[in-house]
Amino acid sequence: VISGFLQCFWRQQAYLTLAENQTASQLTLYSQSGKATGTVNLLYSITLKKFEVENWQNSDIAKEYSSTLAFEKDGVLDVKTVKMNAPVQYGAWTYFQSGHLNDGKTTVLLAVKNPVKILPYLALILVVLGSLIMYSQKLFAARK
């Protein structure tokens with residue numbers, strides 16, 4: 001519960017729209033209600049190298065789409081591919097393939113920065129450890 005509360009207030013969500021070979025180093029922040037709240041400057045640049053769309057047969061509905069992104073920081077280039085249901089982590093941000101525009105010539109990326117993303121895992125570990133301690137005490141008490 002505490003983890004969900006903290007994530008609600010500390011998580012940042014932004015969108016980035018890029019055409020092929022376009023470079024950006026700024027994200028547009030959005031609130032939980034979907035309103036643009038400002039921008040954030042990144043310490044690196046992102047270039048869309050290639051965007052691919054695969055539609056369902058005899059349809060113009062996307063079956064899968066992916067973006068090949070080049071992240072550049074201090075002259076070091078790191079190329080990664082973001083796919084549907086396969087996000088990419090770079091720096092403090094996780095990039096998700098959100099959509100596409102202009103008949104597949106422009107990608108829309110969702111960027112999420114969640115400084116408390118580890119808390120649900122820690123909470124799960126605490127629940128499991130607490131359960132193990134509780135049941136091991138009952139098991140040892142039953143043996144006596």
Side-chain angles (χ1 to χ4, degrees), residues 1-140:
V1 172
I2 294 170
S3 169
F5 180 76
L6 292 175
Q7 287 186 46
C8 180
F9 292 103
W10 286 350
R11 182 179 129 172
Q12 290 181 310
Q13 184 170 304
Y15 283 95
L16 176 62
T17 303
L18 289 172
E20 284 193 5
N21 298 315
Q22 184 181 5
T23 301
S25 59
Q26 191 175 63
L27 300 172
T28 303
L29 293 171
Y30 284 84
S31 67
Q32 298 292 339
S33 63
K35 294 182 181 180
T37 59
T39 59
V40 62
N41 293 319
L42 300 171
L43 300 174
Y44 50 87
S45 65
I46 305 169
T47 304
L48 177 62
K49 291 296 186 182
K50 187 176 184 181
F51 182 71
E52 295 178 290
V53 179
E54 180 185 342
N55 291 335
W56 289 100
Q57 188 175 8
N58 299 325
S59 173
D60 52 344
I61 298 173
K63 178 179 181 181
E64 184 172 314
Y65 39 93
S66 64
S67 300
T68 302
L69 303 171
F71 296 91
E72 185 176 357
K73 182 178 180 181
D74 300 328
V76 177
L77 196 65
D78 190 7
V79 178
K80 297 184 179 202
T81 301
V82 180
K83 296 181 179 181
M84 291 172 65
N85 302 320
V88 166
Q89 175 89 30
Y90 192 84
W93 293 88
T94 303
Y95 295 91
F96 297 86
Q97 186 67 63
S98 178
H100 61 88
L101 303 170
N102 301 331
D103 295 326
K105 297 178 184 170
T106 304
T107 187
V108 179
L109 300 171
L110 168 66
V112 177
K113 182 179 182 181
N114 188 359
V116 292
K117 65 184 171 189
I118 190 108
L119 287 182
Y121 300 109
L122 293 175
L124 180 63
I125 289 170
L126 288 175
V127 167
V128 169
L129 286 175
S131 296
L132 287 174
I133 290 169
M134 184 180 73
Y135 289 119
S136 64
Q137 288 176 345
K138 288 188 180 224
L139 181 66
F140 289 128

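The figures that follow rest on heavy atoms only: side chains count, while hydrogens, waters and symmetry mates do not. Positions are given from 1, in the same order as the sequence printed here.
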Trace of the side-chain contact (heavy atoms from CB on, under 4.5 Å) decision for Tyr44 with Asp78:
CA-CA 11 Å; Tyr44 50 87; Asp78 190 7; over 6 Å; no

Please tell me if the side chains of [X] and [Y] come closer than 4.5 Å, counting only heavy atoms from C-beta onward.
X     : Y     : result
Leu29 : Gln12 : yes
Val40 : Trp93 : yes
Leu48 : Leu69 : yes

Value rounded to 0.5 Å, distance of [atom1] in [X] from [atom2] in [Y]:
X      : Y      : atom1 : atom2 : result
Asn114 : Gln13  : CG    : CD    : 10.5 Å
Asn102 : Thr17  : CG    : OG1   : 9.5 Å
Leu132 : Leu139 : CG    : CG    : 11.5 Å
Leu16  : Thr28  : CG    : OG1   : 7.5 Å
Thr68  : Lys49  : OG1   : NZ    : 10.5 Å

Without hydrogens or angle criteria, can the side chains of Ser45 and Ser25 be said to hold a donor-acceptor pair below 3.5 Å?
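Note: Ser45 and Ser25 side chains miss the donor-acceptor criterion.
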
Whether Phe51 and Tyr65 hold their rings parallel, tilted or perpendicular, with breakpoints at 30° and 60°
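Ring orientation, 0 to 90° scale: tilted.
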
Assign the ring pair Tyr90 / Phe71 to parallel, tilted or perpendicular, where the plane angle (0 to 90°) is split at 30° and 60°.
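Ring orientation, 0 to 90° scale: parallel.
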
Using a 6.0 Å cut-off, check whether atom CG of Asn41 has over 12 heavy atoms from anything other than its own residue.
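More than 12 heavy atoms, drawn from other residues, nucleotides or ligands, come within 6.0 Å of this atom.
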
Has Lys83 got more than 12 heavy atoms of other residues, nucleotides or ligands less than 6.0 Å from its NZ?
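No - once you tally the heavy atoms of other residues, nucleotides and ligands closer than 6.0 Å, there are 12 at most.
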
Audit row: Tyr15, Leu110, side-chain contact (heavy atoms from CB on, under 4.5 Å) steps and yes/no:
CA-CA 5 Å; Tyr15 283 95; Leu110 168 66; 3.7 Å; yes

What pair of heavy atoms forms the shortest contact from Ala36 to Tyr30, and how long is it?
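Taking Ala36 first and Tyr30 second, the nearest heavy atoms are N-CD2, 3.5 Å.
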
Minimum heavy-atom separation for Val112 to Phe96, with atom names?
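For Val112 and Phe96, the tightest heavy-atom pair comes out as CG2-CE1, 3.9 Å.
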
Are any side-chain N or O atoms of Lys80 and backbone N or O atoms of Gln89, one a donor and one an acceptor, separated by less than 3.5 Å?
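Yes, because the side chain of Lys80 sits within donor-acceptor range (under 3.5 Å) of the backbone of Gln89.
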
Under the side chain to side chain donor-acceptor pair (under 3.5 Å) criterion, do Gln97 and Thr107 qualify, and how do the steps go?
CA-CA 8 Å; Gln97 186 67 63; Thr107 187; 2.7 Å; yes

